[in-house]
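Working notes, structure below.
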Amino acid sequence: MVATSYPASGADWQGRFIFDMAESLARVREFDLRLWAPPGTLPLGVTSALADGDAAWLSQLLKRGGIAHLLRRQPLRGGFHALNLLWRLRRLYRHFSGDGGQIVAHVNWIQNALPLAATNIPALITVLGSDLALLKLPGMVQLVRRMLAGRRATLAPNAEWMAASLRENFGDLAEIRPIPFGVNDRWFALNRNPDACACNDWIVVSRITKAKLGHLLEWGEGLFGDTHRLHLLGPMQESLTLPNWIEYHGPTNPDTLSREWFPRAAGLLTLSIHDEGRPQVMMEAMAAGLPVIASDLPAHRDLLRNGETGFLVDDANCFATALAQLDDPLLNCRIGLSARIWVAEHIGTWDDCARRYVDAYDDLLRRL
């Protein structure tokens, strides 16, 4: 398994879903799982696939914000790091292409799969929202098609809504098989404080960039301060001036969210205009029984049933109305409960996700 984001410790927010994914797969114990990712605590049953120098290099890459962040903010430096990343992955794939037995490369993010072109390893490639933005770059579709040609491959977007464009571009070369990520059991087990349904403390959990905050600074003006309180949690990745009606608490982690924030919050807000795939924090909040108000993006539309499991908003008036409706404690609790039931029925846990992946691995290996 390959990933370029991974938590350095239990208190780290970065790449937490990769840890959960690897941990659940290791519990299946039908195969040997080797992980190539930034250094951190490995789940029981997972071994490292890092070669000399990879750990230090990947750690520095994460400290700089990751490859996608570098390419957006510092294109020249980002391009240099991208070439270095591709070289390291080519070395990794070539090493395992000479290994005997049945091997599948599970690659998270499409760009990390490009060096597979030098091998014939069967591949399951997890596709996230940022990958769809990547595919809009000139020549990128052609590079991915070159990598897929003649290979047993499955493109696995983590949401159904992404499948149509993948089928259009790659359906003749690879299976397109949506496989939703799971949700950690801790969120389903969380007991929300009944008083939270009547409180006015809302939270935003996000990397802090202009695109991730989206409409928040514009639409939230005048709604937060005295009556409603807004708490922002996440790493500051761009230099932004926050208004005084936002209470900024810095980066967070799952333990802090489950212990301190989710049990007592009125709900979660995300007004992002970023290239979202299927935001993990939204699924976790819903599993914990929190109502969610989200901007009307395809990724959010894929998760929320408007007025039933949350609210989708497309302008300031709609946002203010949704916030006012969820001031009603009975509606607040009902929406939160409906969200939890929907996530349990349609997404499930990481163990459910692991079984979906194992079925896909088996199908890849059986394919001629």
Side-chain angles (χ1 to χ4, degrees), residues 11-14 16 65-66 69 72-73 192-193 195-276 279-286 288-297 299-300 303-304 310-329 332 335-336 339:
D12 191 4
W13 60 273
Q14 297 184 93
R16 176 58 50 181
H69 179 73
R72 284 194 303 267
R73 304 295 296 172
R192 191 174 173 220
N193 188 326
D195 293 338
C197 295
C199 84
N200 294 309
D201 285 303
W202 286 83
I203 58 175
V204 174
V205 182
S206 173
R207 293 184 292 110
I208 300 172
T209 68
K210 186 176 181 180
K212 292 290 283 186
L213 292 186
H215 301 291
L216 180 65
L217 303 187
E218 175 190 358
W219 295 356
E221 182 73 38
L223 296 178
F224 296 98
D226 295 329
T227 304
H228 299 95
R229 294 175 295 275
L230 184 62
H231 304 274
L232 176 59
L233 302 105
M236 184 76 71
Q237 291 196 327
E238 290 180 7
S239 181
L240 297 177
T241 300
L242 300 175
N244 58 13
W245 48 266
I246 292 180
E247 299 181 36
Y248 178 51
H249 300 272
T252 189
N253 58 73
D255 286 341
T256 301
L257 288 176
S258 62
R259 185 179 63 252
E260 298 180 17
W261 291 103
F262 278 16
R264 70 179 183 87
L268 179 84
L269 303 179
T270 174
L271 300 181
S272 170
I273 56 174
H274 184 73
D275 295 308
E276 304 287 359
Q280 197 68 19
V281 71
M282 278 182 63
M283 294 194 296
E284 291 167 350
M286 293 168 72
L290 270 74
V292 177
I293 301 177
S295 48
D296 192 5
L297 301 179
H300 299 162
L303 276 175
L304 296 181
F311 286 94
L312 295 165
V313 295
D314 54 14
D315 60 37
N317 289 334
C318 189
F319 176 56
T321 299
L323 199 65
Q325 285 183 275
L326 287 171
D327 282 340
D328 178 350
N332 188 294
I335 293 283

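- In this structure a side-chain-to-backbone donor-acceptor pair under 3.5 Å is missing from R229 to G225.
- Side chain of R192 to backbone of A265: a donor-acceptor contact under 3.5 angstrom is found.
- With H300 contributing its side chain and S295 its backbone, the two residues share a donor-acceptor pair below 3.5 Å.
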For T209 and Q237: C-alpha separation, side-chain torsions, deciding distance, then whether side-chain contact (heavy atoms from CB on, under 4.5 Å) applies.
CA-CA 6 Å; T209 68; Q237 291 196 327; 3.9 Å; yes
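- Put simply, CG on D195 and CG on D201 are 12.0 Å apart, with the number rounded to the nearest 0.5 Å.
- With values rounded to the nearest 0.5 angstrom, L242 atom CG is found 9.0 Å from L216 atom CG.
- Side-chain contact between V292 and L269 is absent, with no heavy-atom pair separated by less than 4.5 Å.
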Starting from the C-alpha separation in whole Å, work towards a yes-or-no answer on side-chain contact (heavy atoms from CB on, under 4.5 Å) for F311 and L304.
CA-CA 7 Å; F311 286 94; L304 296 181; over 6 Å; no
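- Annotation: side chain of Y248 is not in contact with side chain of L233 (no heavy-atom distance under 4.5 Å).
- If you take OG1 on T270 and NZ on K212, they are separated by 6.5 Å, rounding to the nearest 0.5 Å.
- In terms of heavy atoms, F262 sits closest to A288 at CD2-CB, 3.9 Å.
- When all heavy atoms are compared, the tightest approach of S258 to P263 is O-CG, 3.2 Å.
- Residues R264 and C199 are not in side-chain contact: their nearest non-hydrogen atoms beyond the backbone lie 4.5 Å or more apart.
- The CG atom of L213 sits 12.5 Å away from the CD atom of E218 when rounded to the nearest 0.5 Å.
- Screening L230, D327, D226 against N200 for a side-chain contact (heavy atoms from CB on, under 4.5 Å) leaves a single residue, D327.
- In this structure, W245 and F224 have parallel ring planes: the angle between them is below the 30° cut-off, well short of the 60° mark.
- T256 places no side-chain N or O within donor-acceptor distance of the main-chain N or O of T252, the cut-off being under 3.5 Å.
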Run the side-chain contact (heavy atoms from CB on, under 4.5 Å) test on H228 and W202 for me, step by step, so that the C-alpha distance in whole Å, both residues' side-chain angles and the decisive distance to 0.1 Å come before the verdict.
CA-CA 7 Å; H228 299 95; W202 286 83; 4.1 Å; yes
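- At least one side-chain heavy atom of I246 sits under 4.5 Å from a side-chain heavy atom of L217.
- Looking only at distances, a side-chain donor or acceptor of N332 sits under 3.5 Å from a matching main-chain atom of L326.
- In this structure the side chain of D12 never reaches within 4.5 angstrom of the side chain of N253, judged on heavy atoms.
- A heavy-atom distance below 4.5 Å is not found between the side chains of L232 and H249.
- Rounding to the nearest 0.5 angstrom, the gap separating the CG atom in L271 from the CG atom in D296 is 11.5 Å.
- Nearest heavy atoms, L268 versus A285: CD2-CB, 3.8 Å.
- One finds the CD atom of E260 at 11.5 Å from the NE2 atom of H231 (value rounded to the nearest 0.5 Å).
- Taking all atoms of both residues into account, the shortest heavy-atom contact from A198 to P329 is CB-CG, 3.8 Å.
- Taking the side chain as every heavy atom from C-beta outward, P279 and L303 approach each other to under 4.5 Å.
- Counting all heavy atoms, side chain and backbone alike, C318 lies closest to L312 at SG-O, 3.9 Å.
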Please step through side-chain contact (heavy atoms from CB on, under 4.5 Å) for the pair R207 and M236, ending with a clear verdict.
CA-CA 6 Å; R207 293 184 292 110; M236 184 76 71; over 6 Å; no
